Amino acid sequence: MSDSPAGWPRPTRPLLSARTTYAMHALVAPRKPYRWLAGRLERHPLLRRWFTAGERITKQEIFGCQMCGQCALPATGYACPMTCPKQLRNGPCGGVSPTGQCEVHPQMRCVWVIAFERAERAGHGADLDLLQRPVDRRETGRSSWVNYWQGRDEGLWAAATENDPAPLLPRGPAGEAQ
Ligand code: SF4
């Protein structure tokens, strides 16, 4: 199969280790000051644009973030599923090679294989069983941190069956599920 057009997502391996990214999540976990900040940002479009630009630069560099606005990283080993050329949110397509290479970019590792390897290594393999909600394209380009702090990410994923074990997702300081 031919390579995808220029500018199309390419599987991205995060710059930081799985262990580091899981540990760092505590820094952005929802808490009062962040909710206050998110509210302020939403009332001031210019500030919000600057904040969103900062998020874009940071997350693009580390995760290859495509600014979908509904961040799945905590449930995917911090490997961004939107860097899959097909932007699949619920695991790899049928084209991933037996050695774990991407069908569209055979020289690259499938981002879902990367996600599985990272989550397993950090003891979060069960997160990959979660079902991800379809992406709401109206959120494209918006700050996922603001959405997260405003509680809009609730229901972003769900257990596949009621018998599934509770996902091992990181929790905020107040014990809030993320
Ligand atoms: S906000 Fe969306 S595109 Fe960006 S890292 Fe998270 S899942 Fe990937």
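Bear in mind that the values here come from a model prediction, so they are computed numbers and not experimental data. Just follow the structure's listing: the first ligand is 1, and inside any ligand the first atom is 1. All values below come from the heavy atoms of this structure, side chains included, with hydrogens, waters and symmetry mates left out.
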*asked:* List ligand 1 atoms under 4.0 Å from Q66, heavy atoms only on the residue side.
replied: 3 (S), 4 (Fe)
*Hey, which atoms in ligand 1 end up nearer than 4.0 Å to a heavy atom of C65?*
1 (S), 3 (S), 4 (Fe), 5 (S)
*Side-chain donor-acceptor pair present, N147, E139, cut-off under 3.5 Å*: yes
*Do other residues, nucleotides or ligands put more than 12 heavy atoms under 6.0 Å from the CZ atom of R138?*
no
*When you measure from atom 6 (Fe) of ligand 1 to every protein heavy atom, which one gives the shortest distance, and what is it?*
C71 SG, 2.4 Å
_Suppose we call two aromatic rings close when their centres sit under 6.0 Å apart. Are F51 and H44 close by that rule?_
no
_Identity and separation of the nearest protein heavy atom to atom 7 (S) of ligand 1_ = A72 N, 3.3 Å
*Heavy-atom contacts with R89 under 4.0 Å: which atoms of ligand 1 show up? List them by number with element.*
7 (S)
*Any idea which protein heavy atom is nearest atom 8 (Fe) of ligand 1, and the distance to it?*
C80 SG, 2.3 Å
*With hydrophobic residues grouped by side-chain heavy-atom distances under 4.5 Å, do V104 and V111 end up in a single group?*
no
*Side chain to side chain, R89 and C68, heavy atoms closer than 4.5 Å*: yes
*Does ligand 1 have a heavy atom under 4.0 Å from the side chain of M67, from its backbone, from both, or from neither?*
backbone
*What part of Q60, side chain, backbone, both or neither, has a heavy atom within less than 4.0 angstrom of ligand 1?*
neither
*Are Q66 and Q60 linked by a side-chain donor-acceptor pair shorter than 3.5 Å?*
no
_atom 6 (Fe) of ligand 1 and C68: any N/O/S contact shorter than 2.8 Å?_
no
_Heavy-atom check, side chain of R13 versus side chain of R109, under 4.5 Å_ = yes
_Within ligand 1, which atoms have a heavy atom of K59 less than 4.0 Å away?_
1 (S), 5 (S), 6 (Fe)
